Number of protein chains: 2
Amino acid sequence: METITTEQKIIRAADKLFTQKGYAATKTRDIAEEAGTNLALLNYYFGSKENLYKKVVQEKLRLLLGAMGSVLSDENISLEEKINSITENYTALLLENEELPIFILNELSVNKELFVNITRNTRQIAQPVIDKQLKERKLGMSAKDLIINTLSLTMFPFVAKPLIISSGLVNADEFVEFVTKRKEKIINWIIKTTK
Amino acid sequence: METITTEQKIIRAADKLFTQKGYAATKTRDIAEEAGTNLALLNYYFGSKENLYKKVVQEKLRLLLGAMGSVLSDENISLEEKINSITENYTALLLENEELPIFILNELSVNKELFVNITRNTRQIAQPVIDKQLKERKLGMSAKDLIINTLSLTMFPFVAKPLIISSGLVNADEFVEFVTKRKEKIINWIIKTTK
DNA sequence: GTCTATATTCCGATAGAC
DNA sequence: GTCTATCGGAATATAGAC
């Protein structure tokens with residue numbers, strides 16, 4: 001039997017609204033209404049709007065960074081597999097959470113104070129491993145470029161979706177197909193495996 | 001003699017604060033103070049906060065889309081020159097306006113209503129021209145992919161700057177150097193000119 | 001055109017009954 | 001734990017003097 005506590009209802013409502021509209025534009029009254037309860041319970045469970053927001057953000061950030069996982073720093077995983085893993089994971093994640101990256105990136109640039117020490121655990125152990133793999137393969141590219149290019153090509157269409165659609169480059173109802181097919185191409189754009 | 005009217009002072013202040021903090025988090029009092037005037041003048045000139053915001057957003061969007069200019073649809077400009085032109089223009093623009101893309105992309109995804117019909121004039125006349133150029137050069141890539149890849153590789157580092165820096169991939173004081181050098185590489189990543 | 005003072009609405013948080 | 005009613009402050013907008 002699936003029982004959802006009031007606390008969970010509130011956090012889900014907060015998740016939805018914060019992600020959609022950002023911190024400042026989201027009203028605690030709206031969260032309470034969306035959760036089917038009232039304002040007082042929000043403060044009863046979480047103390048303040050800011051507290052609730054931090055809970056949501058930490059979860060979202062974990063979700064976004066987790067998709068990269070520990071794949072990058074594993075020596076036994078080839079470059080191709082690494083790139084494929086990232087594009088696969090992020091495309092799947094972002095198809096399910098389209099507003100996630102722009103939310104994180106925007107709040108990260110707008111509410112800098114609220115994010116201190118959240119991303120500390122993402123330090124790069126992966127970079128030397130990937131540089132070694134690139135050297136062995138004699139590919140003239142740095143790990144830095146490889147990671148950033150993979151993320152750019154995978155995530156940017158989601159981040160810039162409204163712009164891409166309103167500019168007519170891709171139709172709204174073709175978008176899912178577009179990023180799904182694109183997923184397969186990215187590996188070839190990054191490493192020229194077209195021998 | 002350079003005379004700045006009060007109206008201009010207000011719009012510059014609004015520009016700065018809206019871009020930095022977004023619509024909801026920006027207070028009209030702060031705009032007035034930043035402009036060196038008072039709250040009443042803001043309403044005297046612009047009627048309301050939302051009105052002022054729309055003025056700023058239209059200008060910013062024009063700036064962002066303008067950087068692509070009419071280069072793309074010009075048949076006499078080669079693919080290489082087109083890609084170089086986009087990376088050059090955007091890198092320069094975004095170095096001067098680091099918060100511009102994330103501001104536009106976020107407000108575009110959050111305040112969808114405010115943007116209707118602003119991007120109508122960006123419809124793609126460029127796509128067929130580029131497709132023709134790609135075919136002539138026998139490059140197995142669509143115009144859609146070429147445009148989106150160029151924009152992805154150029155703009156994403158700016159959009160994801162806080163994440164890139166806090167993850168340790170690039171140091172804060174190396175960022176300018178990083179995107180400047182990157183600019184030169186992008187053309188090679190997109191079209192394999194390394195014969 | 002510019003400013004001070006104030007009206008008005010909105011919002012986060014809390015008190016207190018059940 | 002949950003709710004209604006309300007406090008207190010903040011924010012947008014306006015009135016009216018200069």
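Given the structure is predicted, the values throughout are model-derived calculations rather than measurements. Residue numbers start from 1 in every chain, and the chains themselves are labelled A, B, ... in the order their sequence lines are given, proteins ahead of strands. No hydrogens, no waters, no symmetry mates; every other heavy atom, side chains included, goes into these values.
Among the heavy atoms of the strands, none lies under 4.0 Å from T5(B).
Of the options F103(B), F178(B), F175(B), Y90(B), a ring-ring contact (aromatic ring centres under 6.0 Å, His included) to F158(B) is made by F175(B) and by none of the others.
The nearest whole Å value for the distance from the CZ atom in F46(B) to the P atom in dG1(C) is 12 Å. If you measure from atom CG of D30(B) to atom P of dA10(D), you get 12 Å, rounded to the nearest angstrom. Put simply, OH on Y45(B) is 8 Å from C1' on dT2(C), counting in whole angstrom units. Following rounding to the nearest Å, E33(A) (CD) and dC3(D) (P) show an atom-to-atom distance of 13 Å. Between N38(B) atom CG and dA13(D) atom C1' the separation is 13 Å, expressed in whole Å. Separating the CD1 atom of I10(A) from the P atom of dG12(C) is a distance of 14 Å, rounded to the nearest angstrom.
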side-chain contact (heavy atoms from CB on, under 4.5 Å), that's the test. Do L63(A) and E96(A) meet it? Break it down for me. CA-CA 12 Å; L63(A) 192 65; E96(A) 291 296 310; over 6 Å; no
Test salt bridge (charged side-chain N to carboxylate O under 4.0 Å, His left out) on R137(A) and E80(A) and set out the steps. CA-CA 11 Å; R137(A) 295 280 300 277; E80(A) 278 82 358; 2.9 Å; yes
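Between Y23(B) and F18(B), the ring planes are parallel. Angles under 30° get that label, and only those over 60° would be called perpendicular.
Around the NZ atom of K16(A), the shell of radius 6.0 Å holds no more than 12 heavy atoms that belong to other residues, nucleotides or ligands.
For the side-chain hydrogen bond (donor to acceptor under 3.5 Å, both in side chains) test, residues two or more places apart in sequence or in another chain that qualify with S78(A) are E81(A).
Taking only side-chain nitrogens and oxygens, T6(B) comes nearer than 4.0 Å to OP1 or OP2 of dT2(C).
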Under 3.5 Å between N/O atoms: give me all the protein pairs with nucleotides 13-18 of chain C, atom names plus distance.
residue: dA13(C); atom: OP2; partner: K49(A); partner atom: N; Å: 2.9

